[in-house]
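Remarks on the structure that follows.
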Amino acid sequence: MPEGPSIVILREEVAALRLNGKEILHVEGNSKIDKDRLIHQQVIDFKSWGKHFLVCFENFTLRIHFMLFGLYKIDGRKDTPARLSLQFANAELNFYSCSVKIFDQPAYELYDWSGDIMSDDWNAEKALKKLKDTPKMLACDALLNQDIFAGSGNIIKNEVLFRTRIHPLSQIGKLPQEKLVEIVKETRNYSFDFLTWKLEFTLKKHWLAHTKKMCPRCRIPFIKEYLGKTKRRSYFCTNCQVLYF
DNA sequence: TCTCATGTTTAGGT
DNA sequence: GACCTAAACATGAG
């Protein structure tokens, strides 16, 4: 569930419930957070930043991060206990297997939306500058770096590197300016394709590289390797993806 | 039944 | 401090 576009879908599903300004009537769950802090509080807004789902209150913010296995149910439950359940008069939000944390500041003090690939405030120039400031970073690490591309994950990484024909082990500092511009532009662009396809339940069908055995351009086998600082799955074509090194 | 994976933090070592 | 590794968390698809 976790990449940025999926969190946007959650945010929009919750927005449709019109819970802004509504009071939380009951809180449950096996989360260790102070649940009394939430009860009878009025939710100001629901936001997302990268892979974070944010429940905003006047003076504090509840952050939900779904990690690898996180799930949610809106007006429904799983058989297993919820990590956190927020119950309103006419709706219920249930979160499972996720990381939950309360921050003692309003969301606008905690987050800079110019770094969120899905945000209206996304700033491509700032992302470009961040890339230029980290010349030793590998392309595969840059696309998982939440300080540069908040919301990008392993699927987006593999698809963007394939679309831009960049080998995952390329060094950011060795890429020509126009390729850096292309990475920034395509990360944003693919993320919105991801959103569209996820809503259509056709995301997997549209993968060109991620989990694929063969390059759709060259018809030669993809390489599958665990690359970068975090050793995440990378699928790439040694023929059409150029190694800048 | 078993392996693996859309992720991140933290603790420990060198 | 920089850099690396492993562990921890925990669900479901194939």
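Small disclaimer: the values here were computed from a predicted structure and weren't measured. Reminder, nothing fancy here: chain letters follow the sequence lines and each chain counts from 1.
- Interface residues of residues 144-175 of chain A facing DNA chain B, ordered by number: Gln146(A), Gly153(A), Asn154(A), Ile155(A); criterion, heavy-atom separation under 4.0 Å.
- Between the side chains of Lys101(A) and Thr61(A), no donor-acceptor pair is found at a separation under 3.5 Å.
- Close to dC4(C), at under 4.0 Å from its OP1 or OP2, lies a side-chain N or O of Lys229(A).
- Look at NZ on Lys136(A): it is 10 Å from P on dC4(C), rounded to the nearest Å.
- Leu143(A) has its CG atom 15 Å from the P atom of dT6(B), to the nearest Å.
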Criterion side chain to side chain contact (heavy atoms under 4.5 Å, CB included) on Leu25(A) and Phe88(A), from CA distance to verdict: CA-CA 5 Å; Leu25(A) 299 179; Phe88(A) 298 83; 5.7 Å; no
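- The OH atom of Tyr226(A) sits 17 Å away from the C1' atom of dT5(C) (whole-angstrom rounding).
- The side chain of Lys51(A) contributes an N or O atom lying less than 4.0 Å from OP1 or OP2 of dT8(B).
- Base pairing analysis places dC3(C) opposite dG13(B); the two distances defining the Watson-Crick or G-U wobble pair are each below 3.5 Å.
- Regarding Lys101(A), its NZ atom lies at a distance of 12 Å from the C1' atom of dT10(B), rounded to whole Å.
- Rounding to whole angstrom units, CD of residue Glu225(A) and P of dA5(B) are separated by 14 Å.
- The distance between atom OH of Tyr72(A) and atom P of dT11(C), rounded to the nearest whole Å, is 17 Å.
- Under 4.0 Å is where a charged nitrogen must lie from a carboxylate oxygen, and between Lys185(A) and Glu182(A) no such pair does.
- The aromatic rings of Phe60(A) and Phe57(A) lie parallel to each other, their planes meeting at an angle below 30°, with 60° marking the opposite boundary.
- In terms of phosphate contacts, Lys224(A) brings a side-chain nitrogen or oxygen within less than 4.0 Å of OP1 or OP2 of dA5(B).
- Side-chain atoms of Asn94(A) and Ser85(A) include a donor-acceptor pair closer than 3.5 Å.
- Contact annotation: Ser97(A) side-chain N/O to dT11(C) OP1/OP2 distance is under 4.0 Å.
- The aromatic rings of Tyr72(A) and Phe95(A) sit tilted relative to each other, their planes meeting at an angle between 30° and 60°.
- In this entry the distance linking CH2 of Trp207(A) with P of dT6(B) reads 8 Å, nearest Å.
- The pair Asp193(A)-Arg163(A) counts as a salt bridge, with a side-chain nitrogen and a carboxylate oxygen less than 4.0 angstrom apart.
- Atom CD1 of Ile9(A) is separated from atom P of dT6(B) by 18 Å (rounded to the nearest Å).
- Here Asn154(A) contributes atom CG and Glu3(A) contributes atom CD; the two are 7.0 Å apart, rounded to the nearest 0.5 Å.
- Across all non-hydrogen atoms, the minimal contact from Phe192(A) to Ile117(A) is CE1-O, 3.8 Å.
- The side chain of Lys231(A) contributes an N or O atom lying less than 4.0 Å from OP1 or OP2 of dT5(C).
- Comparing dT1(B) with dC9(C), their P atoms sit 23 Å apart, to the nearest whole Å.
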Produce the list of close N/O pairs, under 3.5 Å, pairing protein atoms with atoms of nucleotides 12-14 of chain C; give distances to one decimal.
from	atom 1	to	atom 2	distance (Å)
dG12(C)	OP1	Lys78(A)	NZ	2.8

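- dT5(C) and dT6(B) are spaced 23 Å apart, taking the C1' atom of each and rounding to whole Å.
- Between Tyr111(A) and Trp49(A), the two ring planes are tilted [angle within 30° to 60°].
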